[in-house]
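Contents: one structure, followed by commentary.
Both counts, for ligands and for their atoms, begin at 1 and track the order of listing.
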Amino acid sequence: MLQKKDLIIIGGGPAGISAAIWAKRLGLDHVLLESNKELGGQLLSINNKIIDYPAVMLESGVALQEQLVDHVKTLGCELSTDVAIEKIDFINKLLHTTSHTYAFQSLVIATGSSPKKLSIPGEQEMIDRNEVYSATRDRDRFKGKKVAVIGGGDRAFEGALLLAEAGATVQLIHRSTTFRARNEFRDPVLAHPSIDVLTDAVVTMIDSSNKQLFYDRKERSYESQADGIFIRIGVEPNTHLFLDSLETDEEGYLVCDKTGQTSLPFVYAVGDVCTRPLLSSISSATGQGMTAVKSLSLYLESTT
Ligand SMILES: Cc1cc2nc3c(=O)[nH]c(=O)nc-3n(C[C@H](O)[C@H](O)[C@H](O)COP(=O)(O)OP(=O)(O)OC[C@H]3O[C@@H](n4cnc5c(N)ncnc54)[C@H](O)[C@@H]3O)c2cc1C
């Protein structure tokens with residue numbers, strides 16, 4: 001059955017939720033489509049305290065997720081979770097999921113970003129075995145154990161520090177000789193007696209069932225033991241549905257103007273799908289949601 005909507009929001013993290021709130025406020029007939037069973041996006045994996053979102057200080061991302069879900073449900077936003085989008089026809093403005101077809105006037109893309117993968121043998125098996133750990137949440141289980149952290153940015157360095165401070169012996173493996181991590185993390189990591197920093201080292205295989213990883217360094221191959229392997233090599237925007245139709249930059253982020261408008265006038269992008277990690281946050285994602293929907297409502301008024 002064909003359903004007609006003024007606005008479809010794709011993605012139910014902070015950016016998409018904010019867009020839904022503003023769609024409701026501005027009287028746009030909308031639906032938010034989320035591929036996960038739950039709304040919240042990356043909030044569901046924030047195990048640290050949230051201290052930088054104005055007016056709320058919360059124990060974790062889940063606490064904020066619960067408040068946001070309450071908020072959209074109380075307002076009566078239209079939400080659909082566990083949705084698989086098959087195709088978007090940008091010419092005829094049709095969106096097909098596995099169960100519905102929507103005709104839309106406008107789209108807000110809020111699909112966020114996901115951790116980058118190494119794409120090496122054994123990585124997916126490790127993920128499938130649910131051996132994906134959070135340095136904040138799981139650090140105590142690695143006290144007295146050996147862990148490997150892969151990456152050279154803030155998240156790798158911060159994770160290495162948290163684990164070492166909790167009593168783990170950490171091998172930090174980075175493929176280049178320079179680091180992207182801020183001094184705030186870099187200096188204590190480089191000085192920490194329990195952190196061994198290996199530069200110019202490329203991880204080639206993971207065998208998590210035997211707690212092993214393999215890497216090449218200076219034309220020699222090595223293996224190393226690790227009770228936990230933390231892959232922290234950055235994030236990438238979730239754009240595969242749009243690559244043929246919308247302009248992206250050299251790192252794959254959707255290109256948009258300061259209101260969020262993309263290379264198509266009826267399509268806006270908000271949050272981490274169009275914002276690089278240095279500037280991404282819950283606050284920027286929710287702010288962009290508001291700007292995009294207000295701008296879209298003016299666009300829709302001008303075209304009817
Ligand atoms: C460990 C960690 C700690 C963090 N700590 C903080 C912090 O303290 N303060 C702060 O401000 N920020 C923090 N952040 C960053 C913050 O969480 C993000 O900037 C924010 O969540 C971005 O919101 P978003 O809505 O753009 O994207 P996301 O939160 O990534 O949400 C995107 C949503 O889109 C959905 N989606 C993706 N593809 C599709 C599709 N094809 N169809 C339907 N749905 C789809 C996803 O399932 C997801 O629910 C942290 C992030 C992490 C990972």
Q. What residue pairs, at least two apart or across chains, pass side chain to side chain donor-acceptor pair (under 3.5 Å) with a residue in residues 78-87?
A.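 Sorted pair list: Lys5-Glu78.
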* Please check if the distance between the ring centroids of Tyr133 and Phe142 is under 6.0 Å. => yes
Contacts satisfying salt bridge (Lys or Arg N to Asp or Glu O under 4.0 Å) that involve residues 218-227 (not counting sequence neighbours) are none
In short, Phe104 meets Phe266 closest at the heavy-atom pair CE1-CE1, 3.9 Å
**OP:** Tell me, please, which residues at least two apart from Phe185 pass ring pair (Phe, Tyr, Trp, His ring centres under 6.0 Å).
**Re:**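 Scan of Phe185 (ring pair (Phe, Tyr, Trp, His ring centres under 6.0 Å), adjacent residues dropped) gives none.
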Could you please spell out the steps behind the side chain to side chain contact (heavy atoms under 4.5 Å, CB included) verdict for Ser221 and Asp216?
CA-CA 4 Å; Ser221 298; Asp216 290 343; 2.8 Å; yes
Checklist entry - Tell me, which residues have any heavy atom less than 4.0 Å from some atom of ligand 1? => result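 Residues Ile10, Gly11, Gly12, Gly13, Pro14, Ala15, Leu33, Glu34, Ser35, Asn36, Gly41, Gln42, Ser45, Ile46, Asn48, Asp52, Ile85, Ala110, Thr111, Gly112, Ser113, Arg155, Leu241, Gly271, Asp272, Ser280, Ser281, Ile282, Ala285 each place a heavy atom under 4.0 Å from ligand 1, listed by chain and number.
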